[in-house]
Number of protein chains: 2
Amino acid sequence: MQKEKKIAIVGAGLVGTLLGIYLRRRGHTVHVYDRSPDIRKINFSGRSINLVLSDRGIKALKDVGLDDEVLSIGIPVEKRAIHIGKDAVNKQFYGKDGEVIYSLSRGLLNKKMVDLAEQEGVEFFFESKIWDVTLTDATLHVGEEERGEWTELKYDLVFGADGAFSRIRHRMQRQIMFNYSQEFLNIGYKELNIPANPDGTHKLDKNSLHIWPRGQFMLMALANLDGSFTCTLFMPNDGENSFEELKTKEQLVAFFGTHFPDTKEVIPNLVEDFFKNPTSYLVTMKCFPWTYSDKVALIGDACHAIVPFYGHGMNAGFEDITVLNEMIDKYGDDWANLLNDYENSRKPNADAIAELSYRNFMEMSSKTADANFLLQKKIEKWFSDKHPDLWVPLYSRVTFSHQPYSEALAEGDFQNKIMEEIMKMPNIEEKWNSEEVENKIISLLK
Amino acid sequence: MQKEKKIAIVGAGLVGTLLGIYLRRRGHTVHVYDRSPDIRKINFSGRSINLVLSDRGIKALKDVGLDDEVLSIGIPVEKRAIHIGKDAVNKQFYGKDGEVIYSLSRGLLNKKMVDLAEQEGVEFFFESKIWDVTLTDATLHVGEEERGEWTELKYDLVFGADGAFSRIRHRMQRQIMFNYSQEFLNIGYKELNIPANPDGTHKLDKNSLHIWPRGQFMLMALANLDGSFTCTLFMPNDGENSFEELKTKEQLVAFFGTHFPDTKEVIPNLVEDFFKNPTSYLVTMKCFPWTYSDKVALIGDACHAIVPFYGHGMNAGFEDITVLNEMIDKYGDDWANLLNDYENSRKPNADAIAELSYRNFMEMSSKTADANFLLQKKIEKWFSDKHPDLWVPLYSRVTFSHQPYSEALAEGDFQNKIMEEIMKMPNIEEKWNSEEVENKIISLLK
């Protein structure tokens with residue numbers, strides 16, 4: 001146990017709620033503030049890509065005994081199902097037998113996390129708008145409107161778990177020596193829906209992440225518990241094949257007819273959903289430092305918002321909590337050094353998963369339909385199966401291990417250099433699983 | 001003449017005042033707001049590196065007939081004087097005969113610019129704190145305190161010339177699709193002073209920019225009209241040879257004795273100045289877009305704050321005005337397209353001068369004392385003198401031409417690649433000005 005502190009967490013999202021549980025277990029008083037209504041009392045919908053939970057996130061849940069509870073509302077996903085042409089589907093398994101990731105609906109998961117946190121004694125204050133924080137004494141400023149009356153709420157420690165547009169970070173940003181960047185992709189996304197069959201079953205294989213890769217744009221789908229799929233269309237905001245070009249019903253139907261003909265029967269409400277749902281944007285946000293003395297700390301998207309293409313937003317946020325918890329073991333009540341070590345140890349890994357996520361858009365949207373790329377992946381898998389001690393594929397290291405993201409990225413870059421050499425070998429298409437290739441990889445690994 | 005608009009400029013600095021003059025010449029009503037008192041009525045001092053005015057800035061002044069007036073308070077600087085050891089000074093001329101830059105005191109120049117703008121009919125509102133802007137209708141929000149009462153000021157168009165911590169940009173930053181970064185160097189700087197001789201003359205050669213390069217830190221000095229020099233000490237904030245290490249009078253005196261022994265007689269008030277003057281920081285800030293419809297535009301440091309090592313902060317800001325003025329010629333009253341073309345044409349050049357400025361710290365602090373680097377510069381100068389049509393040195397292209405910064409940077413990188421090859425030639429120290437070297441450069445240029 002640490003010496004009890006009165007701690008505020010701003011943001012009742014996935015990271016805020018799980019952090020609350022961890023801090024309660026350490027004996028603290030925990031208040032969670034969120035500007036939205038209680039998610040359990042509203043109809044959550046709209047603009048969300050389904051969440052993917054993998055080993056790093058599962059570990060953070062397991063360490064407080066909540067993994068089974070959460071996995072019970074998830075659907076295991078073992079592979080990519082790549083829809084290349086009409087009816088042609090190419091399957092890529094994510095890992096070895098039994099290595100799966102889990103598809104989760106954000107709304108459903110968030111409701112469960114609030115329930116679980118409440119059971120631990122975390123107190124929630126919904127519809128409470130935090131506009132500012134005084135860094136030097138961990139005081140929150142809450143009020144109905146930004147320009148209206150505010151009330152002060154004094155804490156011992158404040159965590160900003162309030163996402164990519166964090167108000168807590170917003171205050172830290174105005175200090176000197178605070179590095180910050182936000183970079184928007186010129187790619188938007190829109191949620192579509194594949195409803196369940198009348199008997200409640202899924203219209204597509206539910207244990208696959210479905211991708212329709214089309215170069216500069218793609219469609220993907222992840223299964224929900226109720227038999228439906230949440231689909232997401234990723235596409236440039238303007239230019240050729242962009243959201244800007246799809247202004248009318250006719251343009252939309254023609255576009256899907258040309259590029260996604262096999263989705264016609266499974267997305268019956270295409271037109272309605274497309275024009276009803278907002279087009280959302282994608283941003284990578286980096287900053288440093290993440291903490292202020294022993295008073296204020298950022299966690300999750302509030303200090304490292306990433307694009308969703310590796311499925312690691314929540315996993316990286318949950319791993320922040322694992323690392324913070326390790327630091328509590330290490331430093332006890334010395335919060336200043338605890339937070340300092342937390343931010344320094346975590347920052348390079350947050351940068352690495354941002355880079356990996358950014359690169360993965362190109363892999364998902366364009367390379368998964370490329371014969372050379374598929375051959376390269378086949379060789380890597382073949383070699384890795386033969387020499388599991390010599391070669392763990394990048395995806396596995398990121399998703400099915402707890403190796404720091406920054407090391408995974410560095411080793412992935414090294415493997416890529418080797419594979420560039422291999423792919424240059426004459427007639428590689430024919431001799432891809434030959435002893436010659438095997439030996440060459442081994443020699444390049446040295 | 002354009003159709004008259006009511007235009008507000010936020011910031012009465014160098015860019016704000018010169019922009020005001022340009023807009024008055026086009027027939028607009030121009031109000032300039034600044035949160036500080038009238039600079040003409042206060043004792044301006046403190047944390048400033050002397051300004052360097054060169055061709056790009058001079059052109060912007062000349063186009064409104066103000067170059068002579070401004071140059072009259074400047075001191076021509078024709079070379080770097082590099083203080084390598086005690087009394088050893090190495091001279092590097094910046095350009096060809098007659099190519100000079102001008103050293104200007106920021107306070108003196110700013111006062112003159114406010115005077116000149118007032119003479120043009122620009123109206124100034126000092127001690128007016130602009131806290132926010134409504135982008136859609138160019139309304140400024142002014143008040144004593146951020147959390148107090150505000151008054152609305154409605155304009156047709158607002159320019160944010162309010163520097164690196166611009167409030168106007170601050171509002172734009174909260175839009176989606178607004179890219180932004182601020183990155184602090186871990187190098188601080190402090191102003192010191194070399195007073196004039198009793199007879200009013202300068203203690204060092206006034207037509208040189210003096211540098212004491214010491215690797216990770218350096219001292220520099222630029223002359224003032226009154227016989228004094230403004231000195232600036234650049235040094236890491238922490239670590240070896242850092243501001244953190246200079247806590248006591250004894251540490252400071254010992255440090256200067258070791259590293260800058262020849263300054264002992266010319267900086268008599270070292271201890272007093274060092275501990276009285278603040279340590280300032282250095283930031284590179286980039287963002288995009290710079291404008292909002294035909295209502296709001298950023299200019300100067302407000303949209304591209306750079307580190308001072310190329311001496312181009314003011315020159316780049318003044319060149320923004322030149323480009324804006326060209327756009328007025330081109331688009332007339334079509335402000336939406338005018339501002340759109342302005343930001344798109346200017347952004348790559350702002351990024352390029354940011355990069356050049358960042359790189360130049362290494363050149364000034366460490367390479368200027370490196371024999372190889374000095375040889376390379378000597379070869380470049382020798383070749384350029386022989387073939388002025390084939391080789392314009394990077395510094396000259398940036399400082400003595402109006403070539404877009406982005407092109408200058410690209411050509412500079414190309415030249416650097418060539419010089420890397422040349423410096424690898426055996427016995428280059430002996431044959432540096434041989435026909436062989438000459439021919440090799442010519443062949444690599446093709």
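The sequence lines fix the lettering, A, B, ..., with proteins before strands; numbering per chain opens at 1.
For the 3.5 Å distance criterion, the side chains of Ser242(B) and Asn237(B) fail to qualify, holding no donor opposite an acceptor.
With a threshold of 4.5 angstrom between heavy atoms, Arg147(A) approaches chain B through its backbone and through its side chain. Using a 4.5 Å cut-off between heavy atoms, Phe178(A) contacts chain B through both its backbone and its side chain. Of the two parts of Leu185(B), only the backbone, made up of N, CA, C and O, holds a non-hydrogen atom closer than 4.5 Å to a non-hydrogen atom of chain A. Interface remark: Asn186(B) contributes backbone and side-chain atoms alike to the contact with chain A (heavy atom separation under 4.5 Å).
Between Glu355(A) and Lys286(A), no side-chain nitrogen of the basic residue sits less than 4.0 Å from a carboxylate oxygen of the acidic one, so the salt-bridge criterion is not met.
With contacts defined as side-chain heavy-atom distances shorter than 4.5 Å, the pair Leu140(A)/Trp150(A) does not qualify.
Ring orientation note: the planes of His304(B) and Trp290(B) are tilted relative to one another, at an angle of 30° to 60°.
Geometrically, Arg35(A) engages Trp131(A) in a cation-pi contact defined by less than 6.0 Å to the ring centre and at most 45° from the axis.
Ranking Glu183(B), Gln173(B), Arg174(B) against chain A, the residue ahead of the rest is Arg174(B), based on heavy-atom pairs under 4.5 Å.
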